Amino acid sequence: MKKITENLVLTIWEGFAFLFGLLAVCMCFIPAYFENGITDKSMIDIMMGDSRLGASPLLIVAFIFLIIGLLLSAGLVALLILKKGNEKVTTILSIVSMALTLFGSVVLACAIFVSGLDTINSSLGFTQGNWGIRIGYILVPVFGLLAIVCSYPAAMIILHHKDLEDKARKIAIEQECK
């Protein structure tokens with residue numbers, strides 16, 4: 001049986017991170033908020049505002065960060081496929097991608113509060129079902145967090161190599177003592 005190489009494993013994990021990041025971005029376009037008498041709003045609609053709400057610069061920045069994290073993940077996949085990166089580049093790209101995806105996902109998960117939709121509508125209206133959240137509001141942070149989890153192996157590659165070196169050094173010292 002062939003031994004699976006470390007590069008292939010990292011490519012697969014980072015490929016899943018890219019897929020989940022892409023899904024997080026796509027979920028920004030499906031309904032995330034409903035209100036009686038008004039058409040459902042997606043995250044994009046919430047961030048761009050309407051006649052009752054202004055545009056939210058923080059949500060726009062969070063969406064841009066989510067896209068940049070996705071692009072960094074795609075770049076890392078390309079580097080791993082072409083075998084052009086080293087462990088430092090892999091670690092840096094993965095950590096930056098994770099940080100940007102985390103920021104974007106968390107801020108977008110608070111979109112109703114950041115945009116002010118919760119203050120426009122009463123809490124009683126939420127309890128009675130006059131307004132609330134749709135599936136897009138849940139799936140954006142879920143897929144963002146899955147992208148972060150899948151980027152973790154690439155982010156820890158330097159530490160993994162250090163652990164392997166320490167283990168080999170420990171075995172060599174034990175062999176010398178015998």
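Since we're looking at a predicted model, the values are computed, not measured.
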Counting only pairs under 3.5 Å, give me each side-chain donor-acceptor contact of residues 164-173, with atom names and distances, residues two or more places apart or in other chains.
{"from": "Asp166", "atom 1": "OD1", "to": "Arg169", "atom 2": "NH1", "distance (Å)": "3.0"}

Considering residues at least two apart in sequence or located in another chain, which fulfil the side chain to side chain donor-acceptor pair (under 3.5 Å) criterion with [X]?
X	answer
Ser42	Asp45
His160	none
Asn7	none

Exercise for the section: Could I get the full list of salt bridge (Lys or Arg N to Asp or Glu O under 4.0 Å) partners for Asp163, not counting sequence neighbours? Expected result: none

Problem - Glu35: salt bridge (Lys or Arg N to Asp or Glu O under 4.0 Å) partners, not counting sequence neighbours - result: Arg52

Going from [atom1] on [X] to [atom2] on [Y], what distance comes out if it is rounded to the nearest 0.5 angstrom?
X	Y	atom1	atom2	answer
Ser56	Ile46	OG	CD1	10.0 Å
Tyr33	Tyr137	OH	OH	10.5 Å
Ile158	Thr91	CD1	OG1	3.5 Å

Exercise for the section: With sequence neighbours excluded, give me every side-chain hydrogen bond (donor to acceptor under 3.5 Å, both in side chains) pair touching residues 75-89. Expected result: Glu87-His161

Handout entry: Set of side-chain contact (heavy atoms from CB on, under 4.5 Å) partners for Leu139, sequence neighbours left out
Key = Met27, Ile30, Ile135, Phe143

Under 3.5 Å donor-acceptor pairs involving side-chain atoms of residues 102-112, not counting sequence neighbours:
{"from": "Ser105", "atom 1": "OG", "to": "Thr101", "atom 2": "O", "distance (Å)": "2.9"}

Practice task
Just grab all the salt bridge (Lys or Arg N to Asp or Glu O under 4.0 Å) pairs involving residues 132-154, residues at least two apart or on different chains.
Solution key: Asp40-Arg134

Practice task
Identify, with sequence neighbours excluded, every residue that meets ring-ring contact (aromatic ring centres under 6.0 Å, His included) alongside Phe29.
Solution key: none

Practice task
Report yes if the side chains of Phe63 and Met43 come closer than 4.5 Å at any heavy-atom pair, otherwise no.
Solution key: no

Exercise for the section: State, with a plain yes or no, whether a side-chain heavy atom of Ser94 is found less than 4.5 Å away from one of Leu76. Expected result: yes

Result block: side-chain N/O donor-acceptor pairs under 3.5 angstrom for residues 13-23, not counting sequence neighbours:
{"from": "Glu14", "atom 1": "OE2", "to": "Ser73", "atom 2": "OG", "distance (Å)": "2.9"}
{"from": "Glu14", "atom 1": "OE2", "to": "Ser151", "atom 2": "OG", "distance (Å)": "3.2"}

Exercise for the section: Would you name the heavy atoms of Leu53 and Gly116 that are closest together and state the gap between them? Expected result: CD2-C, 4.3 Å

